[in-house]
Amino acid sequence: MQQSDRRCAQFRQIEVLSRSNLAMLISRLFQINALLLMTLVCGTATAAPAEEYVYDLVHSSVSFKARHLDISWIHGRFNEVDGKFSIDREDPSKSSFQLTIKADSVDTANAARDEHLRQPDYFDTKQFPTIEFRSTKVKAIEGGYEVTGDFTMHGVTRSITIELMGGKAIESRGVRRVGFSTELRLKRSDYKFDPKAIGPIGDEAIVIIDCEGMSQ
Amino acid sequence: MPDLWLLTASFVTAMLTAGLVCLATLPRAGRSVSGHRGAVRPQLAALSGLASGVLSGMAMQGIVPALPLVSGLDRWLAIGLPLLLLADVVRCCWSLQKFISWPRYLAAAAIAIVILFGSVHLQVESDAGLWAGSPAAVVLTVVLSGILMMLLTGLADRDRDASELNRLAAGVRTGLALCALQTAAVVVMLGGWIGCGAAALPLTGACGGVLLIGLAARQRSLVDVASHWVCWSLGGVILLGHFFGRLTIPQAGMILAAAAIPLVAIRGNQSIRAKVLGVWALVAVVLFLSVLIPAVLEFQRRMSVLLS
């Protein structure tokens with residue numbers, strides 16, 4: 001009897017010990033999980049991922065206008081444009097903007113003039129098929145971003161600074177969208193366009209970009 | 001719109017300068033050296049006349065290749081033409097002329113790559129994915145362009161006999177090929193690329209100047225030099241006009257045919273009078289009816305709204 005009582009007491013002691021160990025183990029696991037969770041939550045809060053967008057051709061436009069005989073404006077647009085934006089709301093300097101315009105897609109509502117513009121006296125689209133902008137520096141300003149970047153047209157790359165106004169993002173039909181607008185003035189002579197071809201069309205062209213980006 | 005007076009002045013300046021430089025260097029070269037060198041000097045005189053004629057004509061229009069040489073026309077003017085000039089000088093100065101015409105052929109073939117370099121026609125892939133020709137298409141473009149330039153060199157190389165009859169025959173052939181070159185330049189201009197046609201005018205004028213002096217001074221070697229430069233200029237304008245301008249393959253084909261007909265049909269060992277008339281008429285018909293008039297009509301149809 002005494003021996004069996006002693007064994008029972010030993011079993012109870014072992015059971016109590018193992019229960020307490022299990023409880024400790026579980027509590028430890030909870031602690032680790034909580035720590036991991038905290039780390040994740042805190043990490044997310046301090047470094048939100050940059051928002052990635054692609055250029056929405058349907059809801060965007062890259063148009064331009066140039067003086068004709070210094071009395072009126074000729075308007076045109078580029079129909080084939082591609083681009084992507086990365087917007088870091090926390091640290092705007094990490095944002096980036098890229099735009100690639102297919103020069104061949106120039107459209108001034110007159111086929112003969114478009115054909116003329118594609119030729120080497122103007123855009124020389126067989127030699128320089130694209131017009132490109134690649135941002136190198138982004139700074140947040142009131143109502144948008146000040147973006148400095150390399151603008152390449154007609155084989156000449158120049159650093160330009162544009163004010164991209166907008167940047168408000170909304171969710172529409174499950175797609176996150178952001179919109180920007182800007183206007184820049186370029187001199188064709190700065191991009192080595194044939195000076196003889198400048199003639200009746202003014203040297204300066206105003207480029208108007210209204211673009212919408214869709215989240216990928 | 002191009003300034004027609006300026007273009008005409010550039011053409012005339014190139015022609016006069018080339019002719020005068022030829023004349024100024026030719027008699028001294030001809031008198032002072034005899035034998036093989038005596039035959040070489042007139043060619044060098046022709047080349048110096050050509051170079052000065054082209055430069056003066058370009059200066060008249062203010063044509064200066066833009067640096068860096070990123071456009072096809074700039075590369076043609078700043079690399080292609082000096083390369084051909086160098087090849088011609090090397091060939092002239094070498095003692096065994098018959099066996100070393102290869103520098104001309106190599107230079108002519110290289111012109112195709114010089115003109116097309118960096119353009120979409122040589123791009124297999126592009127970063128933006130906007131242009132992507134197949135490797136086979138790129139190789140075919142380069143090979144066919146090189147073959148065209150070599151064929152034109154070969155056409156100009158034909159029949160180098162220096163007899164009196166041949167000189168006249170060669171002069172007529174070269175003159176008709178010059179008409180084809182002028183037509184090509186005008187058609188490229190009418191197609192919308194004024195710069196290329198304008199740059200071709202000093203070339204045409206300089207070739208014409210050397211040719212006239214060659215005929216007047218009875219120097220067959222001058223006519224030969226002019227013949228080669230007309231063919232190379234024609235090849236360059238056709239490649240530029242087709243790959244960068246709006247010169248269509250049928251137009252290019254007709255212009256080349258018009259240049260090739262006299263080069264092939266008029267031979268030195270035949271009486272040329274009757275034949276020249278026939279060939280001249282044929283070339284005129286080919287150039288005016290099938291190329292120039294349709295190009296003018298198309299220009300008026302397309303551009304009338306813009307120019308009115």
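What you are looking at is a predicted structure, and each value in this text was computed from that prediction instead of being measured. So that the names make sense, note that chain A is the first sequence line, chain B the second, and so on, each numbered from 1.
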Give a yes or no answer on whether the side chain of A/Asp203 reaches the backbone of A/Arg188 with a donor-acceptor pair at less than 3.5 Å.
yes
Between A/His116 and A/Tyr122, is the ring centroid distance below 6.0 Å?
yes
Can you check whether A/His154 and A/Phe193 have ring centres sitting under 6.0 Å from each other?
yes
With side chain to side chain contact (heavy atoms under 4.5 Å, CB included) as the test, pick out the partner of B/Phe288 among B/Val286, B/Leu292, B/Val291.
B/Leu292
Taking every non-hydrogen pair under 4.5 Å, which of A/Ala112, A/Gly155, A/Pro120 racks up the most with chain B?
A/Pro120
The interface call for B/Arg246 against chain A, heavy-atom contacts under 4.5 Å, is both
For B/Leu6, which atoms come within 4.5 Å of any heavy atom of chain A: side chain, backbone, both, or neither?
neither
Indicate the ring-plane relationship of A/Phe97 and A/Tyr145, choosing parallel, tilted or perpendicular according to the 30° and 60° boundaries.
tilted
Mind ranking B/Ala198, B/Ala66, B/Ser71 by heavy-atom pairs under 4.5 Å with chain A and telling me who comes out on top?
B/Ser71
Between A/Asp124 and chain B, which part of the residue has a heavy atom less than 4.5 Å away: side chain, backbone, both or neither?
side chain
